[in-house]
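What follows is a set of notes on a single structure, which appears directly below.
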Amino acid sequence: MREFLKLAMVMLACALAQPLAAETLAERAAPCLACHGEKGVSETPDIPSLGGQPAPYLLIQLYLFREKQRTVEIMNEMTKSFTDDDLRNFSDFIAKLPAPPLSTDAGDSVRMQAGSALITAQRCNSCHGLDLAGRDNIPRIADQREDFLAKTLREYKSNTRHGYDGVMAEVTQPITDAQIADLAYYIARFR
C-alpha cells in the first residue's frame, strides 16, 4: 500500500508539473475563482473580490506575487510558474469580471458619516476616484469585503503589506484602528 501511495504522489507531482497550455484561460482561472468568487465577488473571509479591478492593477499584483515581493503563500505558489504573457492574460481575463453589486445595506448612519468624512479627510477619492472604482494601477475599493479592507489597511499601517510605492503606508500612519474600522465599514457599503 505504501508503494502505491508513493507512486500515486509521484504521478500527481508529474501531472501538476506538465504545462497548462492545453487548458483554456477560463479553466486555468477556475482555482482563482474558487476563492475569489465565481463571478469575481468573494464570499470567503479576508479574500478580496476581484470583479471590476483594473487590469493594470491586477497585472502588478500578480507580478508582485510571482516575484514574492508580496507574500501570500497560496498566491505565490499559484503564480510561481506564470510567464509574463500569463500575467497579462490573467489580469485581462479577471478585469472583465463585473464589479461587485452595490451594497443593499445602508449601514449605521453615524458610522457611514464617519467613514465618508474620513474618505474626504484622507483624500482616498483623489486616487481611487470619487466612485472608489480605481483606475490604472489603483484598485477598486468600492463594495469590497469589509474584513479584507480592514485587514489591508492594518497591514499598510504596520508596514507588513508592501505596495509598489509607499503611498498607502504613508496615508495610513495617522489613522487609528477605530478609523480603519469606520473606513472599511463605509467602503464596503459604498453607493
To the nearest 0.5 Å, what is the distance between [atom1] ([X]) and [atom2] ([Y])?
X: Leu50; Y: Gln61; atom1: CG; atom2: CD; result: 10.0 Å
X: Arg111; Y: Asp182; atom1: CZ; atom2: CG; result: 5.0 Å
X: Asp84; Y: Tyr63; atom1: CG; atom2: OH; result: 8.0 Å
X: Thr172; Y: Ile180; atom1: OG1; atom2: CD1; result: 6.5 Å
X: Ile138; Y: Tyr57; atom1: CD1; atom2: OH; result: 11.0 Å
X: Asp165; Y: Asn137; atom1: CG; atom2: CG; result: 7.5 Å

Please answer: with hydrophobic residues joined when any side-chain heavy atoms are less than 4.5 Å apart, are Phe148 and Val72 in the same cluster? no

ILVMFWY network linking Phe190 to Leu153, side-chain heavy atoms under 4.5 angstrom: yes

Would you mind reporting whether [Y] and [X] have side-chain heavy atoms less than 4.5 Å apart?
X: Leu97; Y: Leu33; value: yes
X: Gln144; Y: Pro100; value: no
X: Phe65; Y: Thr71; value: no
X: Met168; Y: Thr152; value: no
X: Val167; Y: Val171; value: yes

Step-by-step side chain to side chain donor-acceptor pair (under 3.5 Å) determination, Arg145 to Ser49: CA-CA 7 Å; Arg145 288 187 60 87; Ser49 296; over 6 Å; no

More than 12 foreign heavy atoms under 6.0 Å from [atom1] of [X]: is that the case here?
X: Gln173; atom1: CD; answer: yes
X: Leu102; atom1: CG; answer: yes
X: Glu43; atom1: CD; answer: no
X: Glu67; atom1: CD; answer: yes

Closest non-hydrogen atom pair, [X] against [Y]:
X: Phe93; Y: Ala26; answer: CZ-CA, 3.9 Å
X: Ile187; Y: Ile141; answer: CG2-O, 2.8 Å
X: Cys35; Y: Ile47; answer: O-CG2, 3.5 Å
X: Pro54; Y: Ala95; answer: C-CB, 4.3 Å
X: Ala29; Y: Phe90; answer: CA-CE2, 3.9 Å
X: Ser91; Y: Leu62; answer: N-CD1, 4.0 Å

So, does [X] use its side chain to make a donor-acceptor pair with the main chain of [Y] at under 3.5 Å?
X: His128; Y: Pro139; result: yes
X: Tyr185; Y: Asp108; result: yes
X: Arg161; Y: Arg70; result: no
X: Ser116; Y: Met112; result: no
X: Lys157; Y: Ile175; result: yes

Under the side chain to side chain contact (heavy atoms under 4.5 Å, CB included) criterion, do Ile119 and Leu132 qualify, and how do the steps go? CA-CA 10 Å; Ile119 290 283; Leu132 304 180; 4.3 Å; yes

How would you list, by chain and number, every residue that makes a salt bridge (charged side-chain N to carboxylate O under 4.0 Å, His left out) with Arg189, sequence neighbours excluded? Asp105, Glu146

Do Arg191 and Ser103 pair up side chain to side chain, a donor and an acceptor below 3.5 Å, judged on atom types alone? no

Under the side chain to side chain contact (heavy atoms under 4.5 Å, CB included) criterion, do Glu27 and Thr24 qualify, and how do the steps go? CA-CA 5 Å; Glu27 290 169 333; Thr24 67; 3.2 Å; yes

Is the terminal nitrogen or CZ of Arg66 (NZ for Lys, CZ for Arg) located under 6.0 angstrom from the six-membered ring centre of Phe82 and within 45° of that ring's axis? no

Could you tell me whether Arg28 and Asp86 have a side-chain N and a carboxylate O separated by less than 4.0 Å? yes

What verdict does the side chain to side chain contact (heavy atoms under 4.5 Å, CB included) test give for Leu183 and Leu149, after you've listed the backbone C-alpha separation in whole Å, the side-chain angles of each residue and the deciding distance to 0.1 Å? CA-CA 8 Å; Leu183 275 168; Leu149 290 164; over 6 Å; no

Can you list the steps and then say if Ile94 with Gln53 is a side chain to side chain contact (heavy atoms under 4.5 Å, CB included)? CA-CA 8 Å; Ile94 293 168; Gln53 292 295 348; 5.7 Å; no

